[in-house]
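Some notes on the structure that comes next.
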Amino acid sequence: MLKITDARVIITCPGRNFVTLKIETSAGIHGIGDATLNGRELAVASYLTDHVLPTLIGRDAQSIEDIWQYLYKGAYWRRGPVTMAAIAAVDTALWDIKAKQAGLPLYQLLGGASRTGVMVYGHANGGTLEETIAEAVRYQAMGYKAIRLQSGVPGLASTYGVSRDKLFYEPADARLPTENVWSTHKYLPTVPKLFEAAREALGWDVHLLHDVHHRLTPIEAGRLGKDLEPYRPFWLEDATPAENQAAFRLIRQHTTTPLAVGEIFNTIWDCKQLIEEQLIDYIRATVVHAGGITHLRRIASLADLYGVKTGSHGATDNSPVCMGAALHFDLWVPNFGIQEYMRHTPETDAVFPHAYSFEGGDLHPGEAPGHGVDIDEALAATFPYRPASLPVNRLEDGTLFNW
Ligand code: EZ4
Ligand code: CO
């Protein structure tokens, strides 16, 4: 028995907000888990502090599965991003503790390394096609084997994925939601042009990706996928909102461009049909938003049966704690595809000292016992919480649209 003696939530804003759960045990071993839900941080913090943590004190930290089931079934109100981020934080912290107790890096407990490193993709973006290509060239020079391309759309003031600060994209940039304007008609022809220019500048060895960010109808997505086929994209992400999983049938009928979806999914039920009908190629569920290592492992196992690979979300709002845990998962998972990697700022890296490192286009989780990420609480306390919201999106006539 390794008793949970204390558990608390730490909120810090070293450039952007992070919610971190720290669990302490009778043996003096502690573990941490990421609980950050971008723009809704305090809801998860309250869920943990007010409802979950009081039930954890005195429990055996070694009973990861039992605690997961207790928090999932015991809430009665199952699923949802707030609940599942809270469960993920507990689960991640408990895996951290178990691996530290064993004196092993977490990937060893999962089954050991299946590969030498975790291929990641970086984000090249710019206001214009030319700017984006120049950024992509820079990423290629840094050693990236895979690069996501996002570019501004002529005639639109702003769009998803184009940042002010090139390396460190963060869309939650204002106290209240910024309002963007969207036009599918203006956007659709720009992406094939971007990919054509990218292949010319970067060649054919590098993998190229694009995120539609839920802005197309299935038939529009089928058209875009078809137009991109000559440039062999690695994937087209979030082509259409996925509440309606069957919608992907229509996209599938029209294109061989590989499809990725799932960064906002929180359970296996969100992707069951997508996987079983082989409507997607990559599942983007991640540790912090899909119930932790324990649940993500189930999603990946289901996906493996149907030839679907993993491609976990790794934006800057997934804290280094999530990234560390995800990299152990990625190093082990048999049906690994790719891992998204948006770099954190130096301030964030200082608050979360970590064992993972980037080399030659891959990340490696390192050999430190646990998931290899910790939190410097004294430093974290110098960056107080600052409310921030994700943007909203309207069509040119004012109709509220998907962001
Ligand atoms: O918009 O993480 O692929 N990455 C993404 C991200 C998401 C943010 C939302 O918090 O789509 O940029
Ligand atoms: Co995305």
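Note that ligands are numbered from 1 as they come in the structure, with each ligand's atoms numbered from 1 the same way.
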Tell me how many protein N, O or S atoms are within a distance shorter than 2.8 Å of the Co ion (ligand 2).
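The number of such protein atoms is 3.
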Atom CH2 of residue position W77 - does it have more than 12 heavy atoms of other residues, nucleotides or ligands inside 6.0 Å?
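No, CH2 of W77 has 12 or fewer neighbouring heavy atoms, counting only those of other groups under 6.0 Å.
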Could you go through ligand 1 and note, for every N or O atom, any protein N or O atom closer than 3.5 angstrom, writing the atom names and distance to 0.1 Å, or 'none'?
unit_1: ligand 1; atom_1: 1 (O); unit_2: H213; atom_2: NE2; d: 2.8
unit_1: ligand 1; atom_1: 2 (O); unit_2: H313; atom_2: NE2; d: 3.1
unit_1: ligand 1; atom_1: 2 (O); unit_2: D317; atom_2: OD1; d: 2.6
unit_1: ligand 1; atom_1: 2 (O); unit_2: D317; atom_2: OD2; d: 3.3
unit_1: ligand 1; atom_1: 3 (O); unit_2: R148; atom_2: NH1; d: 3.3
unit_1: ligand 1; atom_1: 3 (O); unit_2: D211; atom_2: OD2; d: 3.1
unit_1: ligand 1; atom_1: 3 (O); unit_2: E237; atom_2: OE2; d: 2.9
unit_1: ligand 1; atom_1: 3 (O); unit_2: E263; atom_2: OE1; d: 3.0
unit_1: ligand 1; atom_1: 3 (O); unit_2: R284; atom_2: NH2; d: 3.1
unit_1: ligand 1; atom_1: 3 (O); unit_2: E340; atom_2: OE2; d: 3.1
unit_1: ligand 1; atom_1: 4 (N); unit_2: Y160; atom_2: OH; d: 3.3
unit_1: ligand 1; atom_1: 4 (N); unit_2: E263; atom_2: OE1; d: 3.2
unit_1: ligand 1; atom_1: 4 (N); unit_2: E340; atom_2: OE2; d: 3.2
unit_1: ligand 1; atom_1: 10 (O); unit_2: N38; atom_2: ND2; d: 2.9
unit_1: ligand 1; atom_1: 10 (O); unit_2: D317; atom_2: OD1; d: 3.4
unit_1: ligand 1; atom_1: 10 (O); unit_2: D317; atom_2: OD2; d: 3.0
unit_1: ligand 1; atom_1: 11 (O); unit_2: Y160; atom_2: OH; d: 2.9
unit_1: ligand 1; atom_1: 11 (O); unit_2: D211; atom_2: OD2; d: 3.1
unit_1: ligand 1; atom_1: 11 (O); unit_2: H213; atom_2: NE2; d: 3.1
unit_1: ligand 1; atom_1: 11 (O); unit_2: E263; atom_2: OE1; d: 3.0
unit_1: ligand 1; atom_1: 11 (O); unit_2: E263; atom_2: OE2; d: 2.7
unit_1: ligand 1; atom_1: 12 (O); unit_2: Y160; atom_2: OH; d: 2.7

Locate the shortest heavy-atom distance separating Y144 from V206; write the atom from each residue and the value.
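Result for this residue pair: O-CG2, 4.3 Å.
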Distance-only donor-acceptor hits, side chain of residues 187-194, under 3.5 Å, sequence neighbours excluded:
unit_1: Y187; atom_1: OH; unit_2: H210; atom_2: NE2; d: 2.7
unit_1: T190; atom_1: OG1; unit_2: Y187; atom_2: O; d: 2.6

Look at D270 together with R79 and state whether they make a salt bridge at an N to O cut-off of under 4.0 Å.
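Yes, this pair counts.
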Using a strict threshold of under 4.0 Å (side-chain N to carboxylate O), is an ion pair present between E220 and K226?
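Salt bridge between K226 and E220, a charged N being under 4.0 Å from a carboxylate O: no.
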Are P218 and I251 side-chain neighbours, meaning at least one heavy-atom pair lies under 4.5 Å?
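Counting from C-beta outward, P218 and I251 do come under 4.5 Å.
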Can you see whether F358 has R343 sitting over its ring - NZ or CZ less than 6.0 Å from the centre and within 45° of the normal?
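The answer is yes, since R343 meets both limits relative to F358.
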Ring centroids only, cut at 6.0 angstrom: are H354 and F352 within range, meaning strictly under it?
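Distance test on ring centres: not under 6.0 Å, no.
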For Y231, ring pair (Phe, Tyr, Trp, His ring centres under 6.0 Å) partners two or more places apart:
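Y231 satisfies ring pair (Phe, Tyr, Trp, His ring centres under 6.0 Å) with no other residue.
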